[in-house]
Structures are given as C-alpha cells and as structure tokens.
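Before any comments, here is the structure.
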Amino acid sequence: MNRIFITDVAPRDGLQNQPQPVSTQAKLELIGLLAAAGLSSIELTSFVSPKAVPQMADAAELVPLVNAGHPSLRSSVLVPNLKGLERAHLAGAREIAVVLSATETMNRKNINMGLAQATEVSEQTLLAAHQLGLRTRAYVAVAFDCPFEGATPLDTVLQLASRMQAAGAGEIVIADTIGSASPGMVKERLSALAGTVAVDKLAVHFHDTRGMGVANAWAALEAGVRRFDASTGGLGGCPFAPGAAGNLATEDLVLMAERSGFSTGVSMDGLMTAIDFLEAQMQRPLGGRAISWLRRERQKRRDASAQGMDVPA
Ligand code: HMG
Ligand code: MG
C-alpha cells in the first residue's frame, strides 16, 4: 500500500507547551487550515488538568466548535484518565488517546501515577471509551529512552503495546518523547513490535530533537508502518519531559513520503499557509528541516505565476 496516514498533532502537542496563550478562535482557525490542507486526522486538544497544562484549558469549548465546522474530520483528543474521558465525551469528542509512558518515573512526572497504575487506568479508559462508541488510540511514550531512567527496555514496550491492543486500542502510537531514537533503533523496535501488535494498528510519533525525525520515519516505513503523527511547523514537546524538542514536522514528512512514492493526501501549499498562520500566532519563525527550501520554491512559483507562467507545486 502506497498511502500513508498522518495525524497532525500541532493543536495539541504543538501548542501545549507554548508560554503565550492562544485563543480558542485561533486554535479553531489553525484546525481549519490543517483540514483544508488535506490533513484528515487531527489531534485537537487534551482534557488534562488546567493547572498542569493551562494552554489546553479550553478543550471543552474547542471540541464542539470543531465538530460543528468539520463534521467528517477524524479528530482526537488526549485524555490521561477516566475524568478526562468523561469531560471529553461530554464535549462531544469522537476519538480519544490515552498516554501511557513505558517507565515508572515518566508516568509519575506526566500523569502522577506509577507504571502499574497508569497501565490499568489506560486500560480502563480504553474500555470505557469503547463502550461509549468512541475511537481510540494509545500512546506508548518514552518507547526508546526516558529522560529520567535512560534506555527503555524493549520488553516493557512490547508488553505495554500488547496490553493496549488487548484493551481495544484502535491505534498504538509508539512515541519517541525526547527525540533520541535513530533509524537502527526504530527498525529494531518496530520489527519486534510488528511481531506482537498488528502492524496496521501501529503508528509512530517522533520528536526531532537530534534531527533524526525524517530518517526515523523512513525506517518506520521500511518496517511496514503507515500511520504517522507529525506537527505542522515542527511545533511541539511534552512539558514534563526535559529535553523534548519539537515534533517531526508534517511538511518534512510529506516531502519525504511524496518524493519516495507514497501519497499523503496533503497539499504542501496548504501546509505552508498553516505554518504562516502559526508563525504569526507564535511571533517567531517555525518549520522543519526543509522549510527554507520549501519557502524558496513557493516564492519561485509565486514569481512565475505573477509572470503568467504555470509552475507545478
Ligand atoms: P492529579 O493531581 O494526580 O489528579 O493529576 P487527581 O486525580 O489527584 O485530581 C486532582 C484534581 O485534578 C482534582 O480536582 C481532579 O478532579 C482534577 P480538584 O478536586 O482538586 O478540583 N482532575 C482533572 N481535571 C481535568 N481533567 C482531568 C483531570 N483528572 C483529574 N483529566 C492529571 C493527574 C493526569 C490530571 C495531571 O497530572 C495532568 O493533567 N497531567 C497533564 C499531562 C499532560 O497533559 N502531559 C502532556 C501530554 S503527554 C505528551 O505530550 C506525550 C505525547 O505527545 C507522546 C510523546 O511525545 O511521547 C502524547
Ligand atoms: Mg509528543
């Protein structure tokens, strides 16, 4: 299959750690631009404690607005526990994602539970979501390295992924929270995971701290994975994982995949419009590794079109 499926996480992973408040209206506009660019799956927000992540405090306002404006969009929200699920369901969420880290300390720092409790709560949340008729995803975070405990044992990742599958997770999202993975590690872990979890349920979520995001995505493609998280403009990072930098940029992933014979359904011009919007909101330059080249190409097309010439995107 030559199609890949991207979930853009900019409105959630991208914005959650930004110090300046972003209005609900601006988030809605961003989601509209991403959908217009052809992103058919978007992680909108999270139903977490507003004390822990103030930027996501408007989740219950945002979800109904997105539902009204984008009835057929695949839209998910992150929930850390049953209380988050209850709030998300009340707001009309159609898909939820639980977040389980593969180490004791990362779970404690992120969601104030140990590994055993976090695993059970994630299972209960998935089962309850299923009973409510919601689609589900399950993140397995720090699946390569933990900022507190170092290298994460592969066995733990395999066990957690398989427990999330057994609890009914529609997608199991293997996350490189601090962006420390390299392609060899990705190949090794995903090959092992593909023996445990259905490969069409596996998704990957890379952060680009060491510039390995695109190479890691290629390794995932070679391992048979077709589901990718990415964040437009590369914005992102977990506030509770020291050293976590931005996510793999959606524009980098789209460029790499399309130039390698995969279709994404995403328009690069549309993505660039969303990046312009995000830059205006953040008041700083954004973009992944390819952004300078992408901008130069866009300028060439604009110049050519001003002269009446047609240059393909
Ligand atoms: P806690 O303090 O242990 O919760 O927080 P608690 O159960 O003791 O309750 C304390 C208060 O929080 C109570 O309210 C609860 O009702 C309330 P009070 O009685 O004091 O008024 N509460 C909630 N409020 C809103 N929404 C909820 C909720 N649950 C309890 N869901 C909690 C536990 C999980 C809530 C907290 O630690 C938290 O919100 N953490 C934030 C986690 C987070 O958002 N992390 C970033 C996202 S994960 C990520 O970025 C990684 C990822 O991208 C993948 C990767 O890259 O690896 C997904
Ligand atoms: Mg993340």
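Each ligand, and each atom within it, is numbered from 1 in the order the structure gives. Atoms considered below: every heavy atom in the structure, side chains included; atoms not considered: hydrogens, waters and symmetry mates.
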*Of all residues at least two apart in sequence or in a different chain, which pass the side-chain contact (heavy atoms from CB on, under 4.5 Å) check with Ala52?*
Ser49, Phe240
Just list the side-chain donor-acceptor pairs under 3.5 Å for residues 137-144, sequence neighbours left out, or say none.
| unit_1 | atom_1 | unit_2 | atom_2 | d |
| --- | --- | --- | --- | --- |
| Arg137 | NE | Glu171 | OE1 | 2.9 |
| Arg137 | NH1 | Asp229 | OD1 | 3.4 |
| Arg137 | NH2 | Glu171 | OE1 | 2.9 |
| Arg137 | NH2 | Asp229 | OD1 | 2.7 |
| Tyr139 | OH | Glu43 | OE1 | 3.2 |
| Tyr139 | OH | Glu43 | OE2 | 2.9 |
| Tyr139 | OH | Asp229 | OD2 | 3.2 |

N-O pairing of [X] and [Y] below 4.0 Å:
X: Arg210; Y: Asp176; result: no
X: Arg226; Y: Asp200; result: no
X: Arg108; Y: Glu104; result: yes

*asked:* Distance to the ring centre below 6.0 angstrom and angle to the axis at most 45 degrees; does that hold for Lys83 and Phe47?
replied: no
_cation_pi(Arg227, Phe5) dist<6.0 Å, angle<=45_ =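 Yes, Arg227 and Phe5 form such a contact.
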*What is the number of protein N, O or S atoms that sit under 2.8 Å away from the Mg ion (ligand 2)?*
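For the Mg ion (ligand 2), the figure is 3.
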_side-chain contact (heavy atoms from CB on, under 4.5 Å) partner of Met185, chosen from Asp145, Leu190, Asn216, Leu154_ = Asp145
*With respect to Thr250, which candidate in Thr232, Ile275, Leu34 satisfies the side-chain contact (heavy atoms from CB on, under 4.5 Å) definition?*
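Running side-chain contact (heavy atoms from CB on, under 4.5 Å) over Thr232, Ile275, Leu34 with Thr250 returns exactly one hit, Thr232.
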Table of N or O contacts for ligand 1, cutoff 3.5 Å:
| unit_1 | atom_1 | unit_2 | atom_2 | d |
| --- | --- | --- | --- | --- |
| ligand 1 | 3 (O) | Asn112 | ND2 | 2.6 |
| ligand 1 | 16 (O) | Lys83 | NZ | 3.3 |
| ligand 1 | 26 (N) | Val48 | O | 3.3 |
| ligand 1 | 26 (N) | Arg87 | NH1 | 2.9 |
| ligand 1 | 29 (N) | Asn81 | ND2 | 2.9 |
| ligand 1 | 31 (N) | Phe47 | O | 3.0 |
| ligand 1 | 31 (N) | Asn81 | OD1 | 3.0 |
| ligand 1 | 31 (N) | Gly84 | N | 3.3 |
| ligand 1 | 39 (O) | Ser49 | N | 2.7 |
| ligand 1 | 40 (N) | Asn110 | O | 3.1 |
| ligand 1 | 45 (N) | Asn110 | OD1 | 2.8 |
| ligand 1 | 50 (O) | Arg12 | NH1 | 3.0 |
| ligand 1 | 50 (O) | Gln16 | NE2 | 2.9 |
| ligand 1 | 53 (O) | Arg12 | NH1 | 3.3 |
| ligand 1 | 53 (O) | Arg12 | NH2 | 2.9 |
| ligand 1 | 53 (O) | Asp13 | OD2 | 2.9 |
| ligand 1 | 53 (O) | His205 | NE2 | 3.3 |
| ligand 1 | 56 (O) | His205 | NE2 | 3.0 |
| ligand 1 | 56 (O) | His207 | NE2 | 3.0 |
| ligand 1 | 57 (O) | Thr177 | OG1 | 2.4 |

